[in-house]
Amino acid sequence: MAVPKRKMSRSNTRSRRANWKATVVPTAACSQCKSPKLPHAACPVCGTYNGRQVLEV
């Protein structure tokens, strides 16, 4: 198992952690009601997926 030989300085640690960014969740418009929804998932507003009703809302 790899173990560091020296303690990493505070500036190196913080500059490394500065690249930990949250990404924006991608959304797609629903083909029926045009509300934003997750891609490849049923619409939470109208309950349709791929042009057919799959959820009762």
Can you list the residues that meet the side-chain contact (heavy atoms from CB on, under 4.5 Å) rule with [X], with sequence neighbours excluded?
X	value
Ser11	Ser9
Arg16	Met8, Thr13
Gln32	Cys30, Cys46, Thr48

Side-chain contact test, heavy atoms from C-beta onward, threshold under 4.5 Å: evaluate it for Arg52 versus Val54 and give yes or no.
yes

The reported gap from CD in Gln53 to CG in Leu55 (rounded to nearest 0.5 angstrom) is 7.5 Å

Distance in Å, Ser31 OG paired with Asn50 CG, rounded so as to fall on 0.5 Å steps:
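Here the interatomic distance stands at 8.0 Å.
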
For Val25, what are the other residues in its hydrophobic cluster, where any two members join if their side-chain heavy atoms are less than 4.5 angstrom apart?
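Its cluster mates, by chain and number, are Leu38.
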
